[in-house]
2 protein chains.
Amino acid sequence: MKNVFTFVHMFTLAEENYMKAIFHLEHESAGEVSTNAIAESMATKPSSVTDMIQKLAEKKLVVYKRYKGAKLTEKGKKIAANVIRKHRLWEVFLVEKLNFHWDEVHEIAEQLEHIQSEELITRLDKFLGSPDFDPHGDPIPDKHGVLKRTEKKLLSEIEKNQKGVCVGVRESSADFLQYLDKKKISIGTKITVLGKEFFDGSMIIQVGNQQFFISHKIAENLYVQTL
Amino acid sequence: MKNVFTFVHMFTLAEENYMKAIFHLEHESAGEVSTNAIAESMATKPSSVTDMIQKLAEKKLVVYKRYKGAKLTEKGKKIAANVIRKHRLWEVFLVEKLNFHWDEVHEIAEQLEHIQSEELITRLDKFLGSPDFDPHGDPIPDKHGVLKRTEKKLLSEIEKNQKGVCVGVRESSADFLQYLDKKKISIGTKITVLGKEFFDGSMIIQVGNQQFFISHKIAENLYVQTL
DNA sequence: TTTTATTTTTAGCCAAGGCTAAAATAACGC
DNA sequence: GCGTTATTTTAGCCTTGGCTAAAAATAAAA
């Protein structure tokens, strides 16, 4: 079977970015995605978003009804997943091969994800050993656009005395990633919840032989797989 | 000393492509580069070129006088050399690491050369072992924009019974590169001129243990270093 | 249900980077 | 030197993807 991403049409940088944003927003909360939500996530204006989703609707990449938000079509979903696949593969490259730190790669991958060559991605994937996850623990869609679903929970959701292994981050700002580094937390790190405060959701956790306090804000941005 | 390519301003894709084209044309024949020549090399219209070189002139990237063509300033030259540096480093990556063939890499490198991150290029260069030449034998400018000058001649310029080692190609179309492959000629291949026809410039050459005829057109597109 | 607030869309404008057609300048041939 | 030809520039238009301001639709509150 031929690679699903062999499209006749190419898409502009802007189009790809819109589809990617909508894809992410659909996964955060199911159903239609609002114009405002897209605008906010892309740091642009709602009026610009309306323009673009109308164009995408004409190209059958999203389903759109006035005032009712947008939703990717199957075709749109596959294109978005492919952009995300490229983004995450490049992040692996940057970290594994060029020794970048996980908080430095996002911006560069935002550019690399738009390079147009399926052959390039096929070879890059092979070169990297066909990784399943990017350096932040996010799953890499396969060449058909399928995302491996993982059994991950937010650290904030797990109970006192339970253990988990860090599998990803919900937010990947440099600030947050640098905080995690300072605390020696990275993908694969084992975390034990020693105490949990009901009032504000803060926790005392054990990482290696260190025990320390973390706020709810931290706990709700860290994905773990319970052990 | 700080890296010369640490510019405050970023340039658009179109601006970078124009500077690159002018850089190449200046190296083909010294002096000002004509509007028409730029247009032809970029497959665009002379009127579009006039527009752009006027913008580049305002930004002090080229020197321009109406009807007199354009010439890169020192700043423009450095920017162009940096784009070329990136292009050629990426070509090395594609061939050496991803096992692309030398006739497949140009298009992809045309896209990759515009990725903006000096740190990325610094690390890529190191990862590749700081190569001096790209897969077509073209020299890679150093981080200050300096091109190593090489003692290369066209095969068509060397005399009967002389030997040379192939160091590059003047033209790098897929057709030409595939012809060379068929004849088992690549960078590093030793070539001996067994005979040379004055009338049409054709030659009989020896490559490995094969002897064969080549036209002038081939000979004037192959760079060799005489032995 | 009516008013008010919020969200979304429309209308009209802007810059970048293309294009064509026509005008201006330079170069060539005699 | 003068007309013809080739090159270059200008003027005006187009598309993409932004923006603001105002209008319209929906949602929330009274």
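Below, chain A is the first sequence line, B the second, and so on; all start at residue 1. Keep in mind that this is a model prediction, so the values were computed, not measured.
- Taking atom CG on Asn17(B) and atom P on dA16(C), their separation rounds to 17 Å, with Å as the unit.
- For the pair Lys45(B) NZ and dT7(D) C1', the interatomic distance rounds to 15 Å; values are reported in whole Å.
- Distance from the side chain of Gln54(A) is smallest for dT10(C) among the nucleotides dT10(C), dC19(C), dA27(D).
- Counted by atom type alone, Asp138(A) and His136(A) present zero donor-acceptor pairs between their side chains at under 3.5 Å.
- One interatomic measurement links the two molecules: CD1 of Ile53(B) to P of dG18(C), which rounds to 13 Å at whole-angstrom precision.
- Using a distance-only test at 3.5 Å, with no hydrogens or angles considered, no donor-acceptor pair links the side chain of Arg85(A) to the main chain of Gly145(A).
- Atom-to-atom, CG of Asp51(A) to P of dT10(C) comes out at 9 Å; the value is rounded to the nearest Å.
- Applying the 3.5 Å distance criterion, the base of dT9(D) shares no donor-acceptor pair with the side chain of Thr35(B).
- Between the NZ atom of Lys68(B) and the C1' atom of dA27(C) there is a distance of 10 Å, rounded to whole Å.
- OP1 or OP2 of dT8(C) lies within a sub-4.0 Å distance of a side-chain N or O belonging to Asn36(A).
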Dump every N/O contact between nucleotides 23-25 of chain D and the protein below 3.5 Å, one line per pair.
{"from": "dA25(D)", "atom 1": "O4'", "to": "Tyr67(A)", "atom 2": "OH", "distance (Å)": "3.3"}

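- In this structure, Leu13(B) places its CG atom 16 Å from C1' of dA15(C), rounding to the nearest Å.
- A donor and an acceptor atom sit less than 3.5 Å apart, one in the side chain of Ser47(A) and one in the base of dT20(D).
- When atom types are taken as modelled, the side chain of Glu15(B) and the backbone of Thr12(B) share a donor-acceptor pair closer than 3.5 angstrom.
- Rounded to whole Å, atom P of dT26(D) lies 15 Å from atom CD of Glu32(A).
- Taking the six-membered ring where tryptophan is involved, the planes of Phe93(A) and Trp90(A) are perpendicular, since the angle between them exceeds 60° and thus also 30°.
- Put simply, the side chain of Tyr223(B) does not reach to within 4.5 Å of the side chain of Lys153(B), judged on heavy atoms.
- With rounding to the nearest 0.5 Å, the separation of CG in Leu155(A) from CD in Glu220(A) is 10.5 Å.
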